[in-house]
Undergrad: 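The structure under discussion is supplied below as structure tokens; questions concerning it will follow.
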Amino acid sequence: MAAALSGATTGQIRSWRQDRGAGPFLRPELAVRPRALYSFRDVLALRAFARLRQDFSLQALRRAVGNLRQLGEVEHLSAYSLVADGNSIALYEDDEHSTDLLKKPGQRVIATLADIMEPFTPRPGVIVPHLLYPYDHVTVNPETQGGQPVIAGTRVPSEEVAALLRDGVPAENIADYFPSVNAEAARDAERFALYIDSYATGGRAA
């Protein structure tokens, strides 16, 4: 789920949580063992990294995060807006200023904030949907069910609806189980589940 919502591959997020001497790049906030559990804030950070990895090496990202720490920034990585600024990575602060984190750490530069919520294509054949509205009837809200994807306008987890369809329940009959979920919403839950499943087979989805 964390990979599919962030655009990072399962291999990347597995690698990023490992301690390679300098500490993990991003350790899951909720749990590491026996199963890695990522928070909504983790997914935001992972999504920013996935976007930046389109233009920068992992070494550059690690250096940017290291310089961020040296500047005295110790909040969760999701609290910062890291954006591509030409050939460097900048910490976005407001509409006019940001701080260069690669070329000359601490130097003020002008940067444009990239909305990490928007859909993007991290790799050929992979389209990562909007983080908060991945499908018309599926939403993600950190204040609802802990950030677990739900049917829009409800607290019903989309995966529970998708599971019913997989068990053979017709979309038109989903309301028998969840009165607030109509057939169209159920089909979106199923499509979203297929998208999530695609990450188990390499992350190729449309």
Side-chain angles (χ1 to χ4, degrees), residues 1-54 56-83 89 91-92 101 114-120 122-123 126-135 138-150 155 157-160 162-163 189 192-205:
M1 181 73 77
L5 289 177
S6 69
T9 66
T10 53
Q12 283 175 325
I13 62 174
R14 188 180 303 114
S15 173
W16 293 348
R17 69 173 177 258
Q18 293 176 353
D19 190 336
R20 300 183 181 278
F25 191 42
L26 192 148
R27 183 186 298 276
E29 189 173 35
L30 300 181
V32 178
R33 291 186 177 85
R35 180 183 177 201
L37 294 177
Y38 289 87
S39 67
F40 182 82
R41 298 198 307 172
D42 290 335
V43 172
L44 280 176
L46 288 169
R47 193 173 174 106
F49 294 152
R51 293 188 73 120
L52 288 170
R53 276 295 280 124
Q54 295 177 277
F56 297 95
S57 67
L58 180 58
Q59 290 75 16
L61 284 178
R62 286 186 180 277
R63 191 162 73 253
V65 171
N67 288 332
L68 181 68
R69 297 306 188 217
Q70 289 183 14
L71 290 173
E73 302 291 350
V74 294
E75 296 293 330
H76 188 280
L77 288 173
S78 67
Y80 306 106
S81 296
L82 303 182
V83 300
I89 296 174
L91 167 64
Y92 177 88
L101 294 175
D115 186 358
I116 64 171
M117 303 287 187
E118 293 295 326
F120 71 107
R123 298 169 297 283
V126 178
I127 299 175
V128 179
H130 194 287
L131 178 57
L132 301 183
Y133 308 102
Y135 283 80
V138 177
T139 62
V140 177
N141 184 332
E143 303 300 324
T144 303
Q145 298 287 41
Q148 183 179 4
V150 298
R155 296 181 60 83
S158 65
E159 63 181 352
E160 292 188 14
F192 182 62
L194 290 173
Y195 165 71
I196 297 296
D197 288 348
S198 75
Y199 263 73
T201 56
R204 294 195 170 275

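Being a predicted model, the structure only gives us computed values, none of them experimental. In what follows, residues are counted from 1 in the order of the sequence shown.
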Undergrad: Would you check if the side chain of Arg53 reaches a backbone N or O of Phe56 as a donor-acceptor pair within less than 3.5 Å?
TA: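 The answer is yes, because a donor-acceptor pair under 3.5 Å joins these two groups.
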Undergrad: Using atom types as modelled and distance alone, determine if a side-chain donor or acceptor of Arg47 lies under 3.5 Å from a backbone N or O of Leu5.
TA: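 Here the side-chain-to-backbone pair exists.
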Undergrad: Do Ile196 and Glu159 pass the side-chain contact (heavy atoms from CB on, under 4.5 Å) test, and can you show the C-alpha distance, the side-chain angles, and the key distance before you say yes or no?
TA: CA-CA 10 Å; Ile196 297 296; Glu159 63 181 352; over 6 Å; no
Undergrad: Looking only at non-hydrogen atoms, find the nearest pair between Ala162 and Ala189 and report the distance.
TA: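 Result for this residue pair: CB-O, 3.7 Å.
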Undergrad: Do Arg17 and Pro28 have side chains that get closer than 4.5 Å, going by heavy atoms?
TA: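 The answer is yes; the side chains approach within 4.5 Å.
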Undergrad: What pair of heavy atoms forms the shortest contact from Trp16 to Ala8, and how long is it?
TA: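 Between these two residues, the closest heavy atoms are CZ3-CB, 4.0 Å.
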Undergrad: I need the Asp42 CG to Glu29 CD distance, nearest 0.5 Å.
TA: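 Taking CG in Asp42 and CD in Glu29, the distance rounds to 5.0 Å.
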Undergrad: What distance do Ile13 atom CD1 and Phe49 atom CZ have between them, rounded to the nearest 0.5 Å?
TA: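 These two atoms lie 12.5 Å from each other.
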Undergrad: Within the supplied structure, the quantity of interest is the number of heavy atoms (other residues, nucleotides, ligands) at a distance under 6.0 Å from Phe120 CZ; does it exceed 12?
TA: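 Yes - once you tally the heavy atoms of other residues, nucleotides and ligands closer than 6.0 Å, there are more than 12.
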Undergrad: Supply the atom-to-atom distance Leu26 CG to Leu61 CG, rounded to the nearest 0.5 angstrom.
TA: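 Atom-to-atom, Leu26:CG and Leu61:CG are 11.5 Å apart.
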Undergrad: How close do Val140 and Gly147 get, heavy atom to heavy atom, and via which atoms?
TA: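 Taking every non-hydrogen atom into account, CG1-O, 3.3 Å.
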Undergrad: Within a strict 4.5 Å, meaning less than it, do heavy atoms of the Arg155 and Thr144 side chains meet?
TA: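 Side-chain contact under 4.5 Å: yes.
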Undergrad: Can you measure from CG (Leu132) to CZ (Phe40) and round to the nearest 0.5 angstrom?
TA: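 Between atom CG of Leu132 and atom CZ of Phe40 there are 5.0 Å.
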Undergrad: State the OH-CG distance between Tyr133 and Asn141, to the nearest 0.5 angstrom.
TA: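 The OH atom of Tyr133 sits 7.5 Å away from the CG atom of Asn141.
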Undergrad: Tell me if a side-chain donor or acceptor on Gln12 pairs with a main-chain N or O of Thr9 at a distance below 3.5 Å.
TA: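 Checked: pair present.
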Undergrad: Looking only at heavy atoms, which two atoms of Ala3 and Thr10 are closest? And how far apart?
TA: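 So the minimum-distance heavy-atom pair works out to CB-CG2, 3.9 Å.
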Undergrad: Please find the pair of heavy atoms, one from Pro119 and one from Arg51, that lie closest to each other, and give the distance.
TA: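 So the two residues come closest at O-NH1, 4.2 Å.
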Undergrad: Tyr195 versus Pro134: any side-chain heavy-atom pair under 4.5 Å?
TA: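 Not in contact.
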Undergrad: Donor-acceptor pair, Arg123 side chain versus Gly7 backbone, under 3.5 Å?
TA: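 Side chain of Arg123 to backbone of Gly7: a pair is present.
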Undergrad: Within a strict 4.5 Å, meaning less than it, do heavy atoms of the Arg41 and Pro142 side chains meet?
TA: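 Side-chain contact under 4.5 Å: no.
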